[in-house]
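Keep in mind that what you see is a predicted model, and the values were worked out from it rather than measured. Counting convention: from 1, in listed order, for ligands and their atoms alike.
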Amino acid sequence: MTSELFDRLEQQVRALFDGESDFVANAGNFAALIYDELPDVNWAGFYLATPSGELLLGPFAGRPACTRIPHGRGVCGAAATKRGTLVVDDVDAFADHIVCDSASRSEIVLPILRDGELFGVFDVDSPVVARFTAGDRAGLERLVRAFSESLG
Ligand code: SME
C-alpha cells in the first residue's frame, strides 16, 4: 500500500518537474505535494546548507518555521552531519529536537546530496507518534532522489 502511494507520487513529481529545473519552483511544488498527499503530516519543507554550516529555511508547506538552524543542531542538523536519513519516532525523546510547531510528534529528515556535497535536507513532521515507517523512508528517499535529479 505504501509502495503504491509512493509509485504514484513518484510519477506525479516527475510530471511536475518535466521540463523545469528551477530550484524554487520544483522545491515549492515538491513540498506542497508531500504535505498535501501524505496522511498525518503537518509540515514538509527544505532547509538549505549555507557556507557557515547553518541550515536556512527554504520552500515549505505548513506553519511558519524557524528560519536558521545552527550547525549540527536539531534533527535536521543531525541528519545533515550524518548525511543519512534520520527517523525520530518521538520528538520528545530526542534531546536536541528543535520545536517549530508544538503539534509535531514525529519527524523524518532526509539529506540532499549533490556532487557529493550537502545541498540541504528535506524535513517532514507529523502530529502522530511513530508516523514514519520503513516504507515511508524508502519512498521518501526515492522522491528526494527524483527532486535532486530535477535540478540537473
Ligand atoms: N524539528 C526540526 C526543526 C525544523 S521544524 O520541525 C520545521 C529539528 O529538530 O531539526
Side-chain angles (χ1 to χ4, degrees), residues 2 5-6 9-10 12-13 16-17 20 22-151:
T2 311
L5 169 66
F6 283 104
L9 291 179
E10 187 172 356
Q12 279 179 269
V13 296
L16 283 169
F17 299 157
E20 183 54 72
D22 181 78
F23 166 73
V24 173
N26 286 355
N29 266 339
F30 188 79
L33 185 80
I34 304 289
Y35 179 79
D36 205 37
E37 291 280 345
L38 286 194
D40 298 321
V41 159
N42 62 320
W43 200 88
F46 292 84
Y47 278 94
L48 308 175
T50 66
S52 71
E54 256 180 354
L55 290 170
L56 176 63
L57 182 64
F60 68 94
R63 291 209 174 131
C66 326
T67 51
R68 290 176 189 269
I69 297 178
H71 180 68
R73 296 294 312 278
V75 185
C76 290
T81 303
K82 178 181 158 206
R83 295 189 172 205
T85 302
L86 210 53
V87 177
V88 175
D89 283 341
D90 178 358
V91 295
D92 291 337
F94 189 92
D96 198 31
H97 172 251
I98 297 168
V99 179
C100 288
D101 182 344
S102 60
S104 298
R105 295 268 71 88
S106 63
E107 178 162 3
I108 182 168
V109 181
L110 305 103
I112 303 164
L113 300 173
R114 299 198 68 211
D115 301 325
E117 296 289 315
L118 183 79
F119 181 79
V121 300
F122 186 67
D123 179 17
V124 189
D125 289 6
S126 170
V128 176
V129 170
R131 158 68 182 81
F132 301 102
T133 63
D136 291 310
R137 174 190 177 135
L140 283 167
E141 284 176 348
R142 270 166 62 191
L143 299 184
V144 164
R145 210 171 309 125
F147 167 76
S148 191
E149 286 167 14
S150 80
L151 305 180

Undergrad: With heavy atoms of His97 as the reference, note each atom of ligand 1 found under 4.0 Å away.
TA: 1 (N), 9 (O)
Undergrad: Less than 3.5 Å apart, which donor and acceptor atoms pair up between the side chains of residues 53-65 and the rest of the protein, not counting sequence neighbours?
TA:
{"unit_1": "Glu54", "atom_1": "OE1", "unit_2": "Arg68", "atom_2": "NH1", "d": "3.0"}
{"unit_1": "Arg63", "atom_1": "NH1", "unit_2": "Asp101", "atom_2": "OD1", "d": "3.4"}

Undergrad: Would you confirm whether Ser126, through its side chain, and Asp40, through its main-chain N or O, come within 3.5 Å as a donor-acceptor pair?
TA: yes
Undergrad: Do any nitrogen or oxygen atoms of Ala65 lie less than 3.5 angstrom from nitrogen or oxygen atoms of ligand 1?
TA: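 N/O-N/O distance below 3.5 Å does not exist for this pair.
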Undergrad: When you measure from atom 6 (O) of ligand 1 to every protein heavy atom, which one gives the shortest distance, and what is it?
TA: Asp125 OD2, 2.7 Å
Undergrad: Heavy-atom distance to atom 4 (C) of ligand 1: which of Val91, Val121, Asp123 wins?
TA: Asp123
Undergrad: For ligand 1, which atoms, with element, lie under 4.0 Å from some heavy atom of Cys100?
TA: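 Those qualifying, in numeric order: 3 (C), 4 (C), 5 (S), 7 (C).
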Undergrad: Mark up the atoms of ligand 1 that fall under 4.0 Å of a heavy atom belonging to Trp43, in ascending order.
TA: 7 (C)
Undergrad: In terms of relative ring orientation, are Phe46 and Phe122 parallel, tilted or perpendicular, with 30° and 60° separating the classes?
TA: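 Tilted.
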Undergrad: State the atoms of ligand 1, each with its element, that fall below the 4.0 Å cut-off from a heavy-atom position in Glu107.
TA: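 That gives atoms 1 (N), 2 (C), 6 (O), 8 (C) of ligand 1.
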Undergrad: For Cys76, counting its heavy atoms only, list the atoms of ligand 1 lying under 4.0 Å from any of them.
TA: 8 (C), 10 (O)
Undergrad: Just heavy atoms, cut-off under 4.0 Å: does Tyr47 contact ligand 1 by side chain, backbone, both, or neither?
TA: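 Looking at Tyr47 and ligand 1, just side chain atoms fall under 4.0 Å.
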Undergrad: Answer with side chain, backbone, both or neither: which part of Val75 has a heavy atom less than 4.0 angstrom from an atom of ligand 1?
TA: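 Both the backbone and the side chain of Val75 come within reach of ligand 1.
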Undergrad: Please report which non-hydrogen protein atom sits nearest to atom 1 (N) of ligand 1, along with the residue it belongs to and the distance in Å to one decimal place.
TA: Ile98 O, 2.8 Å
Undergrad: Side-chain donor-acceptor pair under 3.5 Å between Thr2 and Asp136, yes or no?
TA: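 Result is no, nothing qualifies.
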